[in-house]
Amino acid sequence: MGFRLGRQRGRALTQIATAALTTTLLGAAGGTAVADSPAPVPAPLQNVPPQTLGLTVPWAAKGKAADAPESRMAAPTLSTPGAVSAPSFHFSGVAHNGDLYQQLPNRSGFEPRTRVAPGWGIFKAAQNVDRDKDGFADGLYTWDTEGNLRFTAPKNEFETETSLVGGGWNIYDKVLSPGDLGGGTEPDIMAVDKAGVMHVYLAYSDGRLTGRATIGGGWDQYTQIAGQGDVTGDGKADIVARDTSGILWLYKGTGNWRAPFEPREKIGGGWNMYDRLLSTGDVDGDGNADLLARTPSGDLMLYKGNGRAAGVHDKPVKIGWNYDTYRLMF
């Protein structure tokens, strides 16, 4: 992929992040559950129309039912669509005081950090996504402590728009969007519930989700799951998962939403030396998704993806320190 950085891209990322926070703090979500939510959801609010809760969401404004999407609606983006299978996202970190910082990738690691906004202590997780597959972030899912999932994306070149996808997401232990899991065009979501069962939600271009498809159990054996794009070189989104004994496993993507991953393959042991694994996609600009790992002392290690099905990562390189200042990284 072509490696591009610039002030315009940085401004767009900042706008998306700030809009997501502002909408949440202003109480755009007047309840905790709407249609398209995972099941179960709090009974009193199940299937309540967005209009009833006073929400401003694109499909409600158009008079469409939020729980009956008809097609993948086109959404404006900031760049030309492409076919990049490993996006190059910025690094985002939420400090223990709730401040959000961002860093742009620069091939060898990340640029110095920029403070974007305070108040991000309300979020449990967040995930950048690349809807048009041009390699850059053009959307953001946020999951707050109340169990609400929201989606923020550019409305035009100068404005962003945030909508409530649904409530009740606190039934899940892990929520991640590693890329296109269903063979379509959008970055989909996988969620592991507290019983260890994985579910997949296929995404629409405006951030809405289909009903969930249950994939299978046993995922509670993993303490960390990470992935953002293709790491094996076949064009499909992959993930890695670390089990309780510290062994890291590779799950190759299939592009089939009914069975999104092939049987696992062992990468290696000793991964309990890290307290956080994540991927921001392609850090070094070679077209392969990379893996980031943080030690308890705050060192940030980069495992470059090499595009090979076996031995998918090169040896680690230290690219930063003091990353233990962050409570949340994405």
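Note that the numbering runs from 1 along the sequence shown for the chain. Both backbone and side-chain heavy atoms feed into the values below; hydrogens, waters and symmetry mates do not.
- Rounding to the nearest 0.5 angstrom, the gap separating the NZ atom in Lys124 from the CD atom in Glu146 is 10.0 Å.
- No path of Ile, Leu, Val, Met, Phe, Trp and Tyr side chains, each step under 4.5 Å between heavy atoms, connects Met329 with Leu248, placing them in separate hydrophobic clusters.
- Residue Tyr201 comes nearest to Asp188 through the heavy atom pair O-CB, 3.3 Å, listed as atom of the first residue, atom of the second, then distance.
- Counting heavy atoms from C-beta outward, Val231 and Asn288 have side chains that stay 4.5 Å or more apart.
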Distance-only donor-acceptor pairs under 3.5 Å for side chains of residues 258-266, two or more places apart:
from: Arg264; atom 1: NH1; to: Gln221; atom 2: OE1; distance (Å): 3.3
from: Arg264; atom 1: NH1; to: Tyr222; atom 2: OH; distance (Å): 2.8
from: Glu265; atom 1: OE2; to: Lys252; atom 2: NZ; distance (Å): 3.1

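- Hydrophobic cluster membership is shared by Val165 and Tyr172, with clusters built from Ile, Leu, Val, Met, Phe, Trp and Tyr side chains linked at under 4.5 angstrom.
- In this view, Phe89 satisfies the ring-ring contact (aromatic ring centres under 6.0 Å, His included) rule with no residue, not counting sequence neighbours.
- In terms of modelled atom types and a separation under 3.5 Å, the side chain of Ser279 and the main chain of Asp290 share a donor-acceptor contact.
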Q: Evaluate the side-chain contact (heavy atoms from CB on, under 4.5 Å) criterion for residues Gln127 and Leu176: first the C-alpha distance (whole Å), next the side-chain angles of each, then the deciding distance (0.1 Å), finally the verdict.
A: CA-CA 7 Å; Gln127 180 71 68; Leu176 179 68; 3.1 Å; yes

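- The side-chain heavy atoms of Asn306 and Lys304, taken from C-beta on, include no pair separated by under 4.5 Å.
- By the criterion of side-chain heavy atoms lying less than 4.5 angstrom apart, applied directly or through intervening Ile, Leu, Val, Met, Phe, Trp or Tyr residues, Trp249 is not grouped with Leu277; the two fall into different hydrophobic clusters.
- A 4.5 Å side-chain heavy-atom check between Ile215 and Trp257 finds every atom pair outside the cut-off.
- At least one donor-acceptor pair under 3.5 Å links the side chain of Gln228 to the backbone N or O of Ser177.
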Q.
Please determine whether side-chain contact (heavy atoms from CB on, under 4.5 Å) holds for the pair Leu250 and Thr232, giving the CA-CA distance in whole Å, both sets of side-chain angles, and the decisive distance to 0.1 Å.
A. CA-CA 10 Å; Leu250 169 68; Thr232 61; 4.0 Å; yes

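- Here the shortest heavy-atom pairing between Asp286 and Gly305 reads OD2-O, 3.4 Å.
- Atom CD of Glu111 and atom CG of Leu104 lie 7.0 Å apart (nearest 0.5 Å).
- No path of Ile, Leu, Val, Met, Phe, Trp and Tyr side chains, each step under 4.5 Å between heavy atoms, connects Ile247 with Leu291, placing them in separate hydrophobic clusters.
- Taking the side chain to side chain contact (heavy atoms under 4.5 Å, CB included) definition, one finds that Ser92 meets it with His90, Leu100, Gln102, Asn128, Phe330, sequence neighbours left out.
- With sequence neighbours left out, Asn272 forms a side chain to side chain contact (heavy atoms under 4.5 Å, CB included) with Arg242.
- Side-chain contact between Asp238 and Pro178 is absent, with no heavy-atom pair separated by less than 4.5 Å.
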Q.
Could you walk me through whether Trp219 and Ile225 satisfy the side-chain contact (heavy atoms from CB on, under 4.5 Å) test, starting with their C-alpha distance in whole Å, then the side-chain angles of each, then the deciding distance to 0.1 Å, before giving a yes or no?
A. CA-CA 9 Å; Trp219 288 82; Ile225 300 176; 3.9 Å; yes

Can you give each donor-acceptor pair under 3.5 Å made by side-chain atoms of residues 319-326, sequence neighbours left out, with the distance rounded to 0.1 Å?
from: Tyr323; atom 1: OH; to: Gln103; atom 2: OE1; distance (Å): 2.9
from: Tyr323; atom 1: OH; to: Gln103; atom 2: NE2; distance (Å): 3.3
from: Tyr326; atom 1: OH; to: Arg113; atom 2: NH1; distance (Å): 3.1

Q | Residues Ile189, Arg212; criterion side-chain contact (heavy atoms from CB on, under 4.5 Å); working and verdict | A | CA-CA 9 Å; Ile189 285 183; Arg212 68 181 186 179; over 6 Å; no

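- The two residues Lys236 and Gly255 make their nearest non-hydrogen contact at CD-N, 3.8 Å.
- Considering only heavy atoms from C-beta on, Val192 stays 4.5 Å or farther from Asp220 through its side chain.
- The heavy-atom pair separating Asp206 from Phe151 by the smallest distance is O-CD2, 3.3 Å.
- How far CZ of Arg131 is from CD of Glu186: 7.0 Å, rounded to the nearest 0.5 Å.
- Within the 4.5 Å cutoff, side-chain heavy atoms of Met190 are placed close to those of Ile239.
- In this structure, CG on Asp193 lies 13.0 Å from CG on Asn170, to the nearest 0.5 angstrom.
- Closest of all the heavy-atom pairs between Leu164 and Leu149 is CD1-O, 3.5 Å.
- Rounded to the nearest 0.5 Å, atoms OH (Tyr204) and CG (Leu209) are 9.0 Å apart.
- With rounding to the nearest 0.5 Å, the separation of CG in Asp275 from CZ in Arg294 is 4.0 Å.
- Remark: the backbone N or O of Gly287 is paired with a side-chain donor or acceptor of Asp282 at under 3.5 angstrom.
- Not counting sequence neighbours, the partners of Thr142 by the side chain to side chain contact (heavy atoms under 4.5 Å, CB included) test are Ala20, Trp120, Phe123, Ala126, Leu140, Arg150.
- Across every non-hydrogen atom of Pro105 and Ser88, the tightest pair is CG-OG, 3.4 Å.
- Note on Tyr303 and Val240: same hydrophobic cluster, where clusters join Ile, Leu, Val, Met, Phe, Trp and Tyr whose side-chain heavy atoms are under 4.5 Å apart, directly or indirectly.
- Side chain of Thr280 to main chain of Phe91: no donor-acceptor pair is present (N/O by atom type, distance under 3.5 Å, no hydrogens or angles).
- Side-chain contact between Lys155 and Thr160 is absent, with no heavy atoms from C-beta onward closer than 4.5 Å.
- No donor-acceptor pair under 3.5 Å is formed between the side chain of Tyr274 and the backbone N or O of Leu292.
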